[in-house]
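Reviewing the structure listed below.
If you're wondering where the values come from, they're calculated on a predicted model, not measured in any experiment.
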Amino acid sequence: MSSDRPHIAAFDVDGTLTTRDCVVPFLRRVAGTRHLAQQLGIDARQTVPALIRRDRNELKARAALAAFADRPVQEVGHHAMDFARAVHMSWLRADTLEMLRSHQAAGDTIVLVSASFEVYLGSLGDLLQVDDVLATRLVIGAEQRFTGALDGPNCRGPEKVRRLYAWLDERHAELGGRIGVDVTAYGDSTGDRELLLDADVPVFVGQHRPRWLPASY
């Protein structure tokens, strides 16, 4: 990478920066396991076909509706802060965290790019002292209550690249956005494929390098 261009380090979160998934534990923390199961059962006509298709985006939308619909923003925010602290204390991968700290020491810009919910990743980002967080957002309706709907697409797959490009267009407009920076991306799954393939330096966090990521990268 060119040393005179801004360096951006884009980190996936679940399984990359953390040792485990964060989405389901947070849903359970907010709604309770029983309530979540009941609501998804009521919504089975939409949920079951999504499960059969393995449609992660639709499943995320159904789960968000079951967990967040009509919940006060302040209440969820309290859960989010507590959850972020727990993740920061116990769920971070030491090896990936070391890479993140190395980028920070080098003066690189750090951004989390994740399908996890922004409502708690914002707090985790503050604890990690990263520069920004691009994640799955929730719609806030009347009286400061969540509607349960997603605000835009699930931040997974191609949406990660779209969100990062939009962010770079704002952050580095004078350089032409993405074309004016070097990006190192970290991911651990097919949900990070497009982000890794677009990166100048892709880093797959896992034991088995996927076939879709060329060895020349």
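Screening Asp12, Val13, Asp188, Leu17 for a side chain to side chain contact (heavy atoms under 4.5 Å, CB included) involving Thr96 leaves a single residue, Leu17. Partner of Arg5 under the side chain to side chain contact (heavy atoms under 4.5 Å, CB included) criterion, chosen from Asp182, Val183, Ile179, Leu175: Asp182.
In this structure, Arg162 does not pair ionically with Asp198, as no charged nitrogen and carboxylate oxygen lie closer than 4.0 Å.
Contact of the Val73 side chain with the Glu143 side chain is not registered, since no non-hydrogen atoms from C-beta on lie closer than 4.5 Å. The shortest side-chain heavy-atom distance between Leu138 and Glu118 does not fall under the 4.5 Å cut-off. Counting heavy atoms from C-beta on, the side chains of Asp82 and Arg29 come closer than 4.5 Å. Side-chain contact between Val130 and Leu100 is present, with at least one heavy-atom pair separated by less than 4.5 Å. When side chains are defined from C-beta on, Thr184 does not count as touching His7, because their heavy atoms never get closer than 4.5 Å. When side chains are defined from C-beta on, Ser123 does not count as touching Phe83, because their heavy atoms never get closer than 4.5 Å. Arg163 has its side chain within reach of Arg137: a pair of non-hydrogen atoms, C-beta onward, lies under 4.5 Å apart. With contacts defined as side-chain heavy-atom distances shorter than 4.5 Å, the pair Glu75/Phe146 does not qualify.
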Candidate pair Val30 and Phe26, rule side-chain contact (heavy atoms from CB on, under 4.5 Å), full reasoning
CA-CA 6 Å; Val30 170; Phe26 185 69; 3.5 Å; yes
Under the side-chain contact (heavy atoms from CB on, under 4.5 Å) criterion, do Arg171 and Val181 qualify, and how do the steps go?
CA-CA 11 Å; Arg171 184 84 177 230; Val181 303; over 6 Å; no
Kindly indicate, with the supporting measurements, whether the criterion side-chain contact (heavy atoms from CB on, under 4.5 Å) is fulfilled by Arg101 and Glu98.
CA-CA 5 Å; Arg101 295 306 185 204; Glu98 183 178 355; 5.7 Å; no
Apply the test side-chain contact (heavy atoms from CB on, under 4.5 Å) to residues Arg93 and Thr16: give CA-CA distance (whole Å), side-chain angles for both, the deciding distance (0.1 Å), then the verdict.
CA-CA 7 Å; Arg93 287 182 56 135; Thr16 298; 6.0 Å; no
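Arg145 contributes atom CZ, which lies 11.0 Å from atom CD of Gln74 (distance to the nearest 0.5 angstrom). Leu124 CG to Cys22 SG: the interatomic distance, rounded to the nearest 0.5 Å, is 7.5 Å. Note: Thr136 OG1 to Phe117 CZ = 6.5 Å, rounded to the nearest 0.5 Å. Taking CG of Leu164 as the start and CG of Asp169 as the end, the distance is 9.5 Å to the nearest 0.5 Å. Atom CG of Leu92 is separated from atom OG1 of Thr19 by 8.0 Å, given to the nearest 0.5 angstrom.
Side-chain atoms of Gln129 do not come within 3.5 Å of backbone N or O of Gln104 as any donor-acceptor pair.
Nearest approach of Leu65 to Thr147, heavy atoms of both residues: CD1-O, 3.9 Å. What you find for Cys155 and Ala135 is that their closest heavy atoms are CB-C, 3.8 Å.
Side-chain heavy atoms closer than 4.5 Å link hydrophobic residues (I, L, V, M, F, W, Y) into clusters, and following such links, even through other members, never connects Val119 to Leu127. Hydrophobic clustering of Ile, Leu, Val, Met, Phe, Trp and Tyr side chains at less than 4.5 Å, counting indirect connections, unites Val201 with Phe11. Following chains of ILVMFWY side-chain contacts shorter than 4.5 Å, one cannot reach Phe68 starting from Met81, and the two form parts of different hydrophobic clusters.
Checking Asp131 against Thr109 by side-chain atom types alone, no donor-acceptor pair falls below 3.5 Å.
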